[in-house]
Amino acid sequence: MKYNPHQIEKKWQKFWEENCSFEPADDKSAPKKYVLSMFPYPSGRIHMGHVRNYAIGDAIARYWRKNGHNVLHPIGWDAFGMPAENAAIKNGVHPKKWTYENIAYMRKELAALGLSFSKDREFATCDPLYTKYEQAFFIDMWERGLVYRKKGYLNWCPHDQTVLANEQVIDGCCWRCDTPIVQKEMYQYYIKITEYADELLEDLGRLEEGWPAQVIAMQRNWIGKSVGLEFSFRLDKQSARMCGIESFEVFTTRPDTICGVSYAAVAPEHPIAKAAIERGVVDSAAAEKIAQMQRMPVRERNMAEKEGVPLGLYAVHPVTGERVPVWVANFVLMEYGSGAVMAVPAHDSRDYDFAKRYDLPIKPVVFPEDGELPEGEAFVEDGVVKGCDGFDGLFGQEARDAIISWFEEKGLGKKVINFRLKDWGVSRQRYWGAPIPMIHCRECGVVPERKENLPVTLPDDVEITGEGNPLDRHASWKDTVCPECGGSAERETDTLDTFVQSSWYFLRYTTPRRLWEETAFTKEDAGYWMPVDQYIGGIEHAILHLLYARFFTKVLRDLGYVNVDEPFKRLLTQGMVLKDGAKMSKSKGNVVDPDALIEKYGADTARLFILFAAPPTQELEWNDSAVEGAHRFLRKLYDRAGRVDECTRLPEIDHSALQKSEKEARRKVYEALKKGEDVYRERFTFNTLIAAVMEALNALDKQQNPQVWQEGMWILLNLLEPIVPHICWDLSETLFKRNNFGFIDIVEEVFEVDTIQMAVSVNGKPRAQIEVSADAAKEEILEIAKSSVPKWLEGKSVVKEIVVPGRLVNLVVK
RNA sequence: GCGGACGUGGUGGAAUUGGUAGACACGCCAGACUUAGGAUCUGGUGCCGCAAGGUGUGGAGGUUCAAGUCCUCUCGUCCGCACCA
């Protein structure tokens with residue numbers, strides 16, 4: 001029989017569909033595994049990145065299911081977002097229609113890959129039933145004070161007509177359309193992720209076992225905790241009178257350098273700068289210069305050269321009592337700390353550059369323990385304090401601690417922890433999103449919708465032009481009554497950031513569909529399935545999605561919905577799929593279409609190639625002839641299986657009665673089985689498992705024992721099932737009534753050998769191969785070893801002998 | 001600048017605790033079978049060398065009986081963050 005992938009794949013896909021083969025059991029006493037690949041955005045078609053993502057997840061899910069675990073392996077759709085609106089603008093198709101049609105098409109594409117997803121738990125985040133609970137969570141958070149409204153300068157994308165979170169701005173441009181963003185002042189809703197900054201940082205330590213170091217490092221960096229001293233600079237009397245401000249706060253992580261302060265710098269937006277302009281403390285030229293700095297977007301300032309304006313105001317140094325000038329500087333950020341810094345040019349490279357430019361004093365107060373201060377730059381490392389009364393001789397951290405204590409004792413300042421993480425702005429001025437369930441009442445202000453009125457659904461009759469927000473123009477939708485006073489009121493027209501939906505979808509999956517009408521998810525179900533045992537997705541989500549999902553989980557825990565602290569126990573970040581060294585993209589014209597690949601070779605070949613070509617965490621370079629190679633292997637497997645006799649149990653084999661080639665074949669087969677345990681449970685380096693299976697098949701091919709063939713095929717089909725399920729189900733059904741799909745014990749006797757090959761090296765260089773009996777004593781091995789390399793011992797004396805059992809002999813000669 | 005990852009044949013990649021570098025595959029070469037082959041099978045294939053042998057994991061040192069693996073320095077590539085005080 002010839003291998004016919006299309007026939008086999010259709011047959012088994014139909015079987016799985018009809019038998020609901022992959023639904024998790026309700027039995028909560030069984031050991032569980034929750035395996036989750038990040039859900040896709042329904043863009044229209046799947047691409048190779050999806051194939052890779054789901055092939056990895058499916059392999060892990062199938063492994064555990066086959067080994068007696070209750071497995072949850074769901075799929076859904078991250079269905080809100082701008083592309084649907086862009087399609088509406090471009091082609092006039094309604095976002096809802098566009099989205100659900102894309103889902104229907106992509107569902108078929110995924111089905112053609114033979115992925116073992118639960119059918120029962122599939123949903124799209126734009127389903128009103130999903131929105132309902134998301135809005136309820138939002139209201140809970142509002143009532144808890146975790147959501148608030150704030151007016152401020154926001155990143156506005158003139159192209160998409162929407163506000164962007166800081167994380168969505170890349171190099172000053174929109175993350176989607178690359179348009180330069182501008183600053184616009186407006187109200188929006190924020191979620192207080194900063195309230196969880198410490199816990200989010202702290203718990204990263206618990207993820208070190210299961211998450212890539214890189215992702216943890218990126219999140220740490222993003223949260224950006226720093227510990228330091230906050231104190232206030234008092235302005236001298238005359239200065240205070242001039243600007244009407246008595247003092248201002250500064251934050252420093254280097255209190256040990258405090259005696260080196262030669263000026264103070266404030267952000268262009270700082271109240272002191274504003275006051276100095278308003279009260280005419282600075283002349284009009286200086287005022288204009290400050291205004292100019294303010295106008296420059298914050299993100300561009302870091303490209304610009306350091307600039308400043310002296311305000312003609314002076315602050316009093318809290319330790320030395322010196323008068324130091326106050327400057328406005330473009331490198332000081334209003335959003336971080338208090339928007340003002342003490343400047344120590346001798347020990348901070350920014351302050352140094354600035355001081356050089358404006359000829360301000362540079363006063364070293366920290367010195368290297370040994371050696372000299374560097375020339376022409378700031379000394380930024382830890383050192384010994386010298387020239388700071390009362391603290392001289394202290395080093396680095398001890399100096400910092402001492403100075404902080406001094407400030408605290410005198411009541412002049414305190415130890416403070418600052419974070420770079422900002423609150424999460426979730427408002428979007430867009431149609432295709434979950435409406436923010438708030439109502440604006442003239443009498444009662446901004447109030448939440450009543451929970452019994454949820455979900456607040458989107459109106460279907462909208463015109464999407466790409467300008468403004470269609471909800472804002474929809475008078476009858478906006479018109480509502482106030483849930484507090486019953487008077488006429490208006491709906492909030494902003495919708496939620498799509499990252500909100502992806503922050504809790506993994507919890508929704510834990511609960512069976514039949515309960516979805518009543519609840520978001522049950523505590524019992526979430527308690528059983530959570531945390532996700534293995535999460536798989538792209539590194540591009542290392543910060544945003546993964547941080548928000550961690551945050552949301554903690555909030556829902558504190559709201560009493562779940563009992564987990566962290567949603568994802570283990571994380572695998574897959575590498576990109578490349579062709580000709582570049583990411584596949586339409587514009588580069590290097591896209592390989594998964595549908596065409598399946599059409600030509602079948603899903604099993606696609607899956608095999610993608611798992612064989614590289615370890616999952618690495619980039620994968622596409623190679624058409626290697627795809628051929630993968631297909632060739634499946635044909636060979638199918639052909640060899642055709643020569644194996646049917647049976648329903650693992651045959652019992654008398655190992656000692658076997659010939660050498662038969663023993664070798666068994667050893668290779670069981671080596672592959674051993675490898676499988678490690679790969680499916682720990683390492684996920686499927687490429688090495690596939691190689692081991694290939695070796696085993698090659699070894700089986702070199703012998704004819706029918707029982708060794710039966711046993712070998714029994715095990716290899718078991719091992720390959722998670723990777724190439726269709727062919728394995730088909731062959732296993734025919735040969736073994738699928739009894740080979742279960743846990744298989746490793747037979748240790750196959751690893752016992754009569755003779756061992758060992759290498760003999762002389763002075764570390766391999767010189768000969770010897771064969772010794774397995775129970776040979778060290779002396780015997782050395783004897784044989786020495787006689788195998790006479791040429792290298794001639795005229796020399798052996799000064800050292802090393803025997804590594806089962807490996808090699810090293811003779812050191814002189 | 002800070003943080004992280006990586007560097008192995010013509011190619012993708014193996015080598016889990018230091019122990020025969022290059023498993024497995026792609027490609028290539030030779031042969032067999034064939035009317036034919038882009039099918040299948042067999043053998044070969046790091047580099048230099050006719051050979052003996054030498055040499056080889058980005059580079060330079062070091063530790064060790066033994067280093068792709070450990071240490072120091074250095075070069076290069078990629079990714080993330082970035083005037084965060």
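Chain letters run A, B, ... following the sequence lines, proteins first and then strands; every chain starts at 1.
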Closest non-hydrogen contact found for Ile723(A) with Arg607(A) is O-NE, 2.9 Å
So, do Phe354(A) and Phe331(A) have ring centers that fall under 6.0 Å from each other?
yes
Presence of salt bridge, Glu209(A) and Arg570(A), under 4.0 angstrom
no
How far, in whole Å, is C84(B) from U20(B) if one measures between their P atoms?
49 Å
Taking only the side-chain heavy atoms of Ile543(A) (C-beta and beyond), determine which of A21(B), C81(B), G4(B) contains the nearest atom.
C81(B)
Could you tell me whether Arg254(A) and Asp348(A) have a side-chain N and a carboxylate O separated by less than 4.0 Å?
no
Spacing of CH2 belonging to Trp211(A) relative to CD belonging to Gln219(A), to within rounding of 0.5 Å
5.0 Å
Round to the nearest Å and state the distance from Leu808(A) atom CG to A66(B) atom C1'.
8 Å
Nearest-angstrom distance from the residue atom CG of Asp624(A) to C1' of G27(B)
13 Å
Dot-bracket for RNA chain B, please, read 5' to 3', with Watson-Crick or G-U wobble pairs under 3.5 Å on both distances, ( ) within the strand, [ ] crossing, | other strand, . unpaired.
(((((((..(((......[....)))((((((.......))))))(((....)))..(((((..]....))))))))))))....
Nearest-angstrom distance, C1' atom, G68(B) to G56(B)
11 Å
Using whole Å, report how far CZ of Phe633(A) lies from P of A25(B).
9 Å
Donor-acceptor under 3.5 Å (Thr685(A) side chain, Asn687(A) main chain):
no
Mind calculating the distance between CD (Glu230(A)) and P (A85(B)) to the nearest angstrom?
14 Å
Look only at the side chain of His270(A) and the backbone of Val328(A), and say whether a donor-acceptor pair between them is shorter than 3.5 Å.
no
Could you check which of A15(B), C65(B), A85(B) has an atom nearest any side-chain atom of Leu333(A)?
A85(B)
Run the salt-bridge test on Glu230(A) and Lys415(A) with the 4.0 Å N-O cut-off and return the result as yes or no.
no
So, does Arg632(A) get its side chain near the phosphate of C26(B), meaning an N or O under 4.0 Å from OP1 or OP2?
yes
Note: Arg220(A)-Glu202(A) ion pair, threshold 4.0 Å (strictly below):
no
Which one, U40(B), G80(B), A14(B), comes nearest to the side chain of Asn221(A)?
G80(B)
His347(A) NE2 to A85(B) P, in whole Å, measures 17 Å
Need to verify one output field. Residue with the more 5' nearest nucleotide on RNA chain B, Val332(A) or Met694(A)?
Met694(A)
Salt bridge (Lys or Arg N to Asp or Glu O under 4.0 Å), paired with Glu677(A), selected from Lys675(A), Arg681(A), Lys674(A)
Arg681(A)
Is there a side-chain contact between Arg807(A) and the phosphate of C65(B), meaning an N or O under 4.0 Å from OP1 or OP2?
no
Return the nearest nucleotide to the side chain of Ala691(A); candidates are A23(B), U20(B), G27(B).
A23(B)
Taking the P atom in each of A25(B) and C71(B), what is the distance between them to the nearest angstrom?
34 Å
Identify which nucleotide among A25(B), A85(B), G19(B) has an atom closest to any side-chain atom of Val804(A), counting heavy atoms from C-beta outward.
G19(B)
Expressed as a whole number of Å, how far does the P atom of C73(B) sit from that of C24(B)?
39 Å
Salt bridge check: are Asp624(A) and Lys600(A) linked by an N-O gap of less than 4.0 Å?
no
Taking the C1' atom in each of G38(B) and C28(B), what is the distance between them to the nearest angstrom?
15 Å
Choose from C84(B), C26(B), A21(B) the nucleotide whose nearest atom is closest to any side-chain atom of Arg420(A).
C84(B)
From C-beta outward on Ala217(A), which listed nucleotide comes closest to its side chain: G4(B), A25(B), A85(B)?
G4(B)
Counting only side-chain nitrogens and oxygens, does Arg767(A) get under 4.0 Å of the OP1 or OP2 atom of G54(B)?
yes
Taking for Asn810(A) and for Ile690(A) the nucleotide of RNA chain B with the nearest heavy atom, the one nearer the 5' end belongs to Ile690(A)
Has the side chain of Lys675(A) got a donor or acceptor that lies under 3.5 Å from a partner of the other kind on the base of U16(B)?
yes
Round to a whole Å and report the spacing from CZ of Phe251(A) to C1' of C83(B).
16 Å
In whole angstrom, give the distance that lies between atom OH of Tyr601(A) and atom P of G38(B).
15 Å
Polar atom pairs (N or O), protein with nucleotides 8-13 of chain B, under 3.5 Å:
residue: G12(B); atom: O2'; partner: Ala613(A); partner atom: O; Å: 2.5
residue: G13(B); atom: OP1; partner: Gln618(A); partner atom: OE1; Å: 3.3
residue: G13(B); atom: O3'; partner: Asn687(A); partner atom: ND2; Å: 3.3

Is the shortest side-chain N to carboxylate O distance from Lys778(A) to Glu801(A) below 4.0 Å?
no
Testing G27(B), G53(B), A85(B) for proximity to the side chain of Trp792(A), the answer is G53(B)
Residue Gln769(A), side-chain heavy atoms: nucleotide from U20(B), C83(B), C81(B) that is nearest
U20(B)
For G27(B), is chi within 90° of 0 (syn) or not (anti)?
anti
Between Leu421(A) (CG) and G80(B) (P), how many Å, whole number?
20 Å
